[in-house]
Amino acid sequence: MIDDSSRYKDLRILVIEDESYTRHMITGLLRQIGFQHINEAKEGGDGFKETIRTRPQVVLCDVHMEPMDGLGYLGMLRGFKNEDIAATPVVFLTADKQQETVLSAKQLKVDGYMVKPVSLATLKQRLDALLKFHNLI
């Protein structure tokens with residue numbers, strides 16, 4: 001296998017996850033893939049502020065958080081006045097696979113939906129597809 005980790009080194013990624021252990025695991029997987037610019041937030045409101053501050057190329061976001069959940073974050077993001085920020089690719093990374101949640105996420109134009117736990121290979125595959133789609137790698 002060819003080491004292609006260098007193509008991720010300049011990309012910014014944001015992880016929004018309320019569980020510190022899970023957030024640490026996700027950032028560890030991202031570092032293994034090759035991401036070096038990883039920012040974190042503990043809930044949707046902080047995640048929204050961090051999105052505006054750091055302008056990530058992609059966001060990995062949990063769904064169930066307090067006080068603002070992932071659906072609230074995505075709705076706020078998609079409605080933001082700056083179109084570049086509003087169009088930031090968001091992938092939900094959650095344990096919730098309920099049809100109602102998936103449909104709500106689709107209505108808010110989520111870019112991907114992955115059910116935890118996720119393997120390194122699956123995460124890399126999904127991120128590669130998303131980043132290629134948006135011409136970022």
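A quick note: this is a predicted structure, and the numbers were derived from the prediction, not measured.
E40 and E50 make their closest contact through O-CG, 4.3 Å (heavy atoms, listed as atom of the first residue, atom of the second, distance). Pairing each heavy atom of V115 with each of A95, the nearest pair is CG1-O, 4.2 Å. Closest approach of P56 and T51 over heavy atoms only: CD-O, 3.5 Å. What you find for C61 and V90 is that their closest heavy atoms are CB-CG1, 4.3 Å. Summarising the geometry of R31 relative to Q36, their closest heavy-atom pair is NH1-O, 3.7 Å, with the distance given to 0.1 Å.
L127 and I137 fall within the same hydrophobic cluster, where Ile, Leu, Val, Met, Phe, Trp and Tyr residues are linked whenever their side-chain heavy atoms come under 4.5 Å apart, directly or through other members. The hydrophobic cluster containing L60 does not contain F48, counting ILVMFWY residues as joined when their side-chain heavy atoms lie under 4.5 angstrom apart, directly or transitively. V15 and I85 fall into different hydrophobic clusters, defined by Ile, Leu, Val, Met, Phe, Trp and Tyr side-chain heavy atoms under 4.5 Å apart, directly or through other members. Residue V63 is grouped with residue V59 when hydrophobic side chains (ILVMFWY) are merged at heavy-atom distances under 4.5 angstrom, including chains of intermediate members. Following chains of ILVMFWY side-chain contacts shorter than 4.5 Å, one cannot reach L71 starting from M114, and the two form parts of different hydrophobic clusters.
Scored by the ring pair (Phe, Tyr, Trp, His ring centres under 6.0 Å) test, Y113 finds no partners at all (sequence neighbours excluded).
Separating the CD1 atom in I33 from the CG atom in L29 is a distance of 6.5 Å, to the nearest 0.5 Å. Here the CG-CG distance, from L136 to L130, works out to 8.0 Å after rounding to the nearest 0.5 Å. Atoms CG and CG, on L103 and L108 in that order, are 11.0 Å from each other to the nearest 0.5 Å. With values rounded to the nearest 0.5 angstrom, I16 atom CD1 is found 9.0 Å from D46 atom CG. Here the straight-line distance linking atom CD1 of I13 with atom OG1 of T54 works out to 10.5 Å at 0.5 Å rounding. For the atom pair CZ of F80 and CD1 of I52, the computed distance is 3.5 Å after rounding to the nearest 0.5 Å.
D62 and K116 are joined by a salt bridge, as a carboxylate oxygen and a charged side-chain nitrogen come within less than 4.0 angstrom of each other. Ion pairing of K124 with D128 is present here, as a side-chain N (NZ or NE/NH1/NH2) and a carboxylate O approach within less than 4.0 Å. R78 has a carboxylate O that lies under 4.0 Å from a charged side-chain N of D111, or vice versa, which qualifies the two as a salt bridge.
You'll find the side chain of E19 stays beyond 4.5 Å of the side chain of M65, heavy atoms only. Side-chain contact between R53 and N39 is present, with heavy atoms from C-beta onward closer than 4.5 Å. Between T22 and E17, the closest side-chain pair of non-hydrogen atoms falls below 4.5 Å. The shortest distance between side-chain heavy atoms of Y21 and M25 falls below 4.5 Å. Side-chain contact check for L14 versus V58: every heavy-atom pair is 4.5 Å or farther apart.
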Report task. Could you walk me through whether Q57 and L11 pass the side chain to side chain contact (heavy atoms under 4.5 Å, CB included) test, one step at a time? Result -> CA-CA 6 Å; Q57 275 88 15; L11 296 177; 3.9 Å; yes

Query raised in the report: Yes or no on side chain to side chain contact (heavy atoms under 4.5 Å, CB included) for R55 and R12, after CA distance, side-chain angles and deciding distance?
Result: CA-CA 7 Å; R55 304 286 299 267; R12 293 175 312 281; 3.9 Å; yes

**Report entry** Residues L74, F92; criterion side chain to side chain contact (heavy atoms under 4.5 Å, CB included); working and verdict
**Finding:** CA-CA 10 Å; L74 186 57; F92 279 152; 3.9 Å; yes

Query raised in the report: Run the side chain to side chain contact (heavy atoms under 4.5 Å, CB included) check on V110 and V91 step by step: do they pass?
Result: CA-CA 6 Å; V110 74; V91 175; 5.9 Å; no

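Within 6.0 Å of the NE2 atom in H134, the count of heavy atoms belonging to other residues, nucleotides or ligands exceeds 12.
Without hydrogens or angle criteria, E43 side chain to M68 main chain gives a donor-acceptor distance under 3.5 Å. With Q98 contributing its side chain and E100 its backbone, the two residues share no donor-acceptor pair below 3.5 Å.
Between F35 and Y8, the ring planes lie tilted relative to each other; the angle falls in the 30° to 60° range.
Judged by distance alone, the side chains of D10 and H37 never bring a donor and an acceptor atom under 3.5 Å apart. There is a side-chain donor-acceptor pair under 3.5 Å between T122 and S119.
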